[in-house]
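Index from 1, following the sequence.
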Amino acid sequence: MRVEDTRHYFTNNFSQRSSGLRWFFSFLAAFTEFESRNDDFVILLDEPALTLHGRAQADFLRFINERLATVGSVIYTTHSPFMVETGKLERTRIAEDQGPDKGAVVNQEPMTVASDSLFPLQAALRYDIAQHLFIGDTNLLVEGPSDLLYLDLIGRRLSAEGRSALDERWRILPAGGSSNIPAFVSLIGRELDVTVLVDSGTEGAGRLDAAMAAGRLKKSRLVRVGEVTKTTYSDVEDLFTVPDSLALYNHAFASNVKEKDLLGVTASSRGSRRSTGNTTTTSPQTHCFATPRRSML
């Protein structure tokens, strides 16, 4: 038997097609007959759609609900998170081998089973959360959780003083490290507009430039901290003024460090880098936080 591909205009032997296509075609041929039956029956499926792509598994799950479940009861086993309906978890049962004394036990309570047995449910829920995490076009991607805390603190302080602050509609998303940002942008930038805030000279900056060249990230959507502080070398911590930084430091460590005690920091050395022996220090920026109009407000 040969199969014709009308999209690419060629035919080949059915046995040479992918295992996923061969399984799905065989499944349709075998179960189409059940749609015309009038008697009651139960359809048992063991690991169905295992060779299909994740999205194709979701399509097959819809086929079960819309076609098979309308003519008979369907029970299937799976280890795939794509075959778990997170919106209908009440249908799910967990089968667990509890040793020779009890054998296989079917349970509906996830709190009573081992973590290995919960993995498909956990993976399905994580995937569902990830799909609904990015909503709208007000997502601000930062390097880590500390960036989120700093921006939140600065924004609340500025709002309290009646000054311009980060708009509350922004959803600040930590990427888990600067090296993760390019992959993060590549994965979600195709579907949604994401603004990226990174330290100047951050790791992976070249890959971000490549993402812009490939059209995955608009140039106006990449903001380097140095553009805000007007210096070459700036991290997100440099958005704090020296007095504010010292106030936070002294409060956290119950100390009394003053600006004059800082090595290499003077009123005229904003943003300067000073070498002492084998150590290079960067002075904090003595300026107020400003938000770039083009994408931050």
Side-chain angles (χ1 to χ4, degrees), residues 126 128-205 207-249 251-252 270-271 284-297:
R126 289 167 184 164
D128 185 66
I129 290 172
Q131 293 303 299
H132 294 85
L133 181 62
F134 310 104
I135 302 175
D137 58 354
T138 54
N139 304 298
L140 178 61
L141 188 62
V142 297
E143 295 183 18
S146 60
D147 301 68
L148 185 155
L149 294 175
Y150 293 150
L151 291 176
D152 178 67
L153 176 62
I154 293 173
R156 285 190 284 113
R157 174 67 177 272
L158 291 173
S159 295
E161 295 180 357
R163 301 164 60 187
S164 296
L166 197 65
D167 195 295
E168 293 182 354
R169 290 172 296 180
W170 283 107
R171 182 187 297 270
I172 305 177
L173 307 171
S178 58
S179 59
N180 293 339
I181 289 180
F184 218 99
V185 170
S186 297
L187 289 172
I188 67 174
R190 295 174 181 267
E191 304 295 333
L192 299 170
D193 287 331
V194 177
T195 298
V196 181
L197 176 67
V198 295
D199 297 339
S200 300
T202 189
E203 177 185 358
R207 293 164 62 191
L208 285 173
D209 291 336
M212 288 190 293
R216 296 175 181 171
L217 180 66
K218 297 178 182 178
K219 187 176 180 179
S220 60
R221 289 286 184 172
L222 176 62
V223 181
R224 293 180 171 87
V225 176
E227 299 176 27
V228 180
T229 62
K230 308 302 181 184
T231 56
T232 304
Y233 301 101
S234 290
D235 296 336
V236 69
E237 293 83 357
D238 295 320
L239 297 176
F240 291 93
T241 65
V242 172
D244 284 340
S245 297
L246 287 177
L248 294 170
Y249 180 88
H251 178 75
R270 298 166 64 181
Q285 307 304 306
T286 53
H287 66 272
C288 295
F289 174 77
T291 48
R293 297 175 184 170
R294 63 181 184 184
S295 58
M296 297 291 288
L297 289 178

- line: Tightest non-hydrogen contact, residues Pro174 and Gly144, listed as CB-C, 3.6 Å
- prompt: Where do Thr231 and Asp238 land on the side-chain contact (heavy atoms from CB on, under 4.5 Å) test, with the steps shown first?
  reply: CA-CA 10 Å; Thr231 56; Asp238 295 320; 6.0 Å; no
message: On a heavy-atom basis, which atom in Leu158 and which in Ser164 lie closest, and how many Å separate them?
response: CD1-O, 3.4 Å
- prompt: Roughly how far, to the nearest 0.5 Å, is CG of Leu173 from CG of Asn139?
  reply: 5.0 Å
message: Within this structure, what is the OG-CD distance for the pair Ser234 and Glu227, rounded to the nearest 0.5 Å?
response: 10.5 Å
- request: Determine whether Leu222 and Val198 make a side-chain contact, defined as any pair of heavy atoms from C-beta on separated by less than 4.5 Å.
  value: yes
- prompt: Within a radius of less than 6.0 Å around CD of Glu161, do more than 12 heavy atoms belonging to other residues, nucleotides or ligands occur?
  reply: yes
message: Is there a side-chain contact between Phe240 and Leu248 in this structure, where contact means two heavy atoms from C-beta onward sitting under 4.5 Å apart?
response: yes
From CG (Leu148) to CG (Leu197), nearest 0.5 Å: 11.0 Å
- prompt: What's the shortest heavy-atom distance between Arg157 and Asp244, and which atoms?
  reply: NH1-OD1, 3.9 Å
query: About how many Å separate CG of Leu151 and CD1 of Ile172, when rounded to the nearest 0.5 Å?
result: 5.0 Å
query: With side chains defined as the heavy atoms from C-beta onward, is the minimum distance between Val236 and Val142 less than 4.5 Å?
result: no
- prompt: To the nearest 0.5 Å, what is the distance between CG (Leu239) and CG (Leu153)?
  reply: 11.0 Å
- request: Provide the closest heavy-atom pair for Thr195 versus Arg221 in the form atom of the first, atom of the second, distance.
  value: OG1-NH1, 2.7 Å
- prompt: Are any side-chain N or O atoms of Asp167 and backbone N or O atoms of Arg169, one a donor and one an acceptor, separated by less than 3.5 Å?
  reply: yes
